[in-house]
Colleague: 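Quick one: structure below, then a few questions.
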Amino acid sequence: MRRGLLPAVLGAAVLLGGCAAAPASEPETTTSVRVFAAASLTDVFGRIAGEFEDAHPGVEVELNFGGSSGLSAQLVEGAPADVFAAASEDTMAIVADAGLLAAPPVVFARNRLEIAVPPGNPAGVTGLADLARPELTVALCDAGVPCGAAAAEVFDALGVAAAADTLEQDVKAVLTKVRLGEVDAGLVYRTDVLAAGDEVEGIPFPEAEAAVTAYPIAVVADAATPESAEAFVRWVIDDSGALLEEAGFAAP
Amino acid sequence: MPRREAARLPAALWPLAGIAVLLLVLPLVALLIRVPWRDAAALLTAGESLEALTLSLGTALAATGASLLLGVPLAAVLAGSDGWAAPVRRLLRAAVTVPLVLPPVVAGIALLLLLGRQGVIGAPLAALTGVTVPFTTPAVVIAQTFVSMPFLVLAVEGALRGADPRYAVVAASLGASRWHAFRRVTLPLVAPGLLSGAVLCFTRALGEFGATITFAGSFPGVTRTLPIAAYLGLQASPESAIVLALLLLVVSVVVLVSLRDKWLRVGS
């Protein structure tokens with residue numbers, strides 16, 4: 001019995017221990033900043049991180065993108081991160097209330113909703129009121145996610161009820177349905193329209209002012225590399241305006 | 001055949017089997033610990049939860065029915081395909097297996113490209129009849145069937161291969177038509193495999209998320225099934241998501257436990 005059991009236990013221990021073993025050959029000069037960022041920042045933060053790394057030799061930025069709510073839940077559950085950039089001040093407040101921020105968050109960009117339609121605008125959409133026409137196939141975000149809450153606010157501002165055919169889990173899912181031509185119109189952010197290039201057309205509308213999304217950023221308490229984390233946050237706030245604007249974000 | 005006795009297994013298997021059980025069970029235990037029991041009843045009987053549950057049960061049953069109708073014949077063909085040219089046989093088998101390894105969201109995109117408004121079949125269908133499939137309850141059933149039918153096909157094929165073909169031959173020699181022999185002799189022989197395949201298929205359809213939300217979308221009462229409601233609930237209030245996940249878990253466990261040991265002796 002013992003002879004049979006021992007190798008199995010050792011095998012399991014090796015398997016488990018192997019996960020924790022760190023490579024010993026890392027150069028000591030390299031520090032890394034782990035950034036948790038909202039999914040809508042995927043493209044622009046990739047570029048910002050590249051410029052930051054060029055200007056700060058020896059500092060490496062590790063980016064982890066996801067829905068703001070999901071990321072904040074991960075942070076509250078103890079996920080290791082040095083910087084958090086959210087697509088919602090409410091979501092950032094959850095992390096702040098949990099005592100997980102080293103300093104108060106700073107808003108570094110804003111984003112507005114736009115109507116996205118397939119190329120050529122087959123349904124002839126001209127404004128937000130068209131998204132209340134039942135004969136159109138319309139995709140919105142679910143009211144439980146930030147883009148859906150924003151959509152509800154702009155429809156309130158116009159005073160009409162949306163005639164949605166599907167309430168998606170995130171803004172990228174709405175964009176996918178517009179890209180594939182499966183819906184006549186969807187509400188997404190201006191940055192999503194620009195990122196999709198020729199595959200969708202964007203139609204700005206005045207009611208979008210009723211729901212401008214703020215993007216706050218902050219250093220996480222107990223950051224493993226607080227100086228580098230602080231430097232990255234300052235870089236995003238002070239030195240990334242051009243890249244953010246190019247991606248469709250508005251200045252704070 | 002002598003019974004397999006766990007006590008006679010090599011001792012080395014025990015700790016590994018234990019780790020396997022822990023890996024499967026502990027996440028569910030963690031979920032149960034976090035269930036807000038006081039609010040659970042209110043959250044469960046909320047209109048949206050019941051609506052999602054009803055839709056989920058209805059579509060998963062429909063998907064299981066469609067899988068039985070189409071998958072059992074496919075399983076019979078597969079089980080009898082040994083004499084075919086190897087490339088044909090392998091391609092057919094791959095076609096059955098691919099949905100098992102395909103990320104469900106990719107399956108949803110593939111279904112959109114086929115049956116969507118701009119799809120290979122969907123575009124002419126919409127032009128001819130005005131019918132569009134996405135964002136409807138039938139789209140949910142199609143997505144669930146695509147993802148769950150392979151479980152049924154593989155289970156039934158395995159059972160058919162294990163069944164003695166001589167019974168059907170004898171039935172035929174006694175004057176039974178092929179259809180009669182298949183229905184009255186072969187199918188009853190593989191009933192356990194058929195049932196376990198149907199149960200696997202049903203539970204997989206019940207938990208389907210990625211293909212459904214991509215192909216059918218998510219609208220309360222029309223396409224928002226229980227897993228989608230649970231996922232969306234996670235964004236707004238984690239408590240409701242946990243309660244919905246618990247509901248899904250209870251339904252699945254009840255189905256699996258009530259059927260498995262009573263009627264399903266897999267491989268017996």
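Keep in mind that the numbers below use all heavy atoms, side chains included, and drop hydrogens, waters and symmetry copies. A note on names: the letters A, B, ... follow the listed sequences, proteins ahead of strands, and every chain is numbered from 1.
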Colleague: Where does B:P10 contact chain A at under 4.5 Å (heavy atoms): side chain, backbone, both or neither?
Modeller: neither
Colleague: I'd like to know which of B:T223, B:T214, B:T136, B:I109 tops the heavy-atom pair count under 4.5 Å against chain A.
Modeller: B:T214
Colleague: Look at the side chain of A:K177 and the backbone N and O of B:F215, then say whether any donor-acceptor pair between them is shorter than 3.5 Å.
Modeller: no
Colleague: Checking heavy atoms, do the side chain of A:T176, its backbone, both or neither come under 4.5 Å from chain B?
Modeller: side chain
Colleague: Decide side-chain contact (heavy atoms from CB on, under 4.5 Å) for B:F135 and A:T137; before the verdict, give the C-alpha distance in whole Å, the side-chain angles of both, and the deciding distance to 0.1 Å.
Modeller: CA-CA 9 Å; B:F135 315 123; A:T137 311; 3.7 Å; yes
Colleague: Rounded to the nearest 0.5 Å, how far apart are CZ of B:F219 and CG of A:D142?
Modeller: 10.0 Å
Colleague: Going through the checks in order, is the salt bridge (Lys or Arg N to Asp or Glu O under 4.0 Å) test met by B:R34 and A:E77?
Modeller: CA-CA 13 Å; B:R34 287 289 193 90; A:E77 297 291 339; 3.3 Å; yes
Colleague: Which atoms of B:I228 are under 4.5 Å from chain A, going by heavy atoms: the side chain, the backbone, both sets, or neither?
Modeller: neither
Colleague: Where does B:S218 contact chain A at under 4.5 Å (heavy atoms): side chain, backbone, both or neither?
Modeller: both
Colleague: Counting only non-hydrogen atoms closer than 4.5 Å, does A:S69 touch chain B with its backbone (N, CA, C, O), its side chain (CB onward), both, or neither?
Modeller: side chain
Colleague: Quick one: closest heavy-atom pair of B:P134 and A:E182, and the distance?
Modeller: CG-OE1, 3.6 Å
Colleague: The test is side-chain contact (heavy atoms from CB on, under 4.5 Å); show your working for A:Q169 and B:L232 and say whether it passes.
Modeller: CA-CA 6 Å; A:Q169 75 275 27; B:L232 288 170; 3.8 Å; yes
Colleague: Which heavy atom of B:Q118 sits nearest a heavy atom of A:L180, and at what distance?
Modeller: CG-O, 3.2 Å
Colleague: Using non-hydrogen atoms and a 4.5 Å limit, figure out which bit of A:D184 sits close to chain B: side chain, backbone, both or neither.
Modeller: both
Colleague: Does any part of the side chain of A:L167, heavy atoms only, come nearer than 4.5 Å to the side chain of B:R224, both counted from C-beta?
Modeller: yes
Colleague: Please look at A:A164 and chain B and tell me whether the side chain, the backbone, both or neither of the residue comes under 4.5 angstrom of a heavy atom of that chain.
Modeller: both
Colleague: CG/B:L112 to CZ/A:R179 distance, rounded to the nearest 0.5 angstrom?
Modeller: 13.5 Å
Colleague: Does CG in A:N64 sit with more than 12 non-hydrogen atoms of other residues, nucleotides or ligands closer than 6.0 Å?
Modeller: yes
Colleague: Please name the pair of heavy atoms, one in B:R117 and one in A:G181, separated by the smallest distance, quoted to 0.1 Å.
Modeller: NH2-O, 3.1 Å
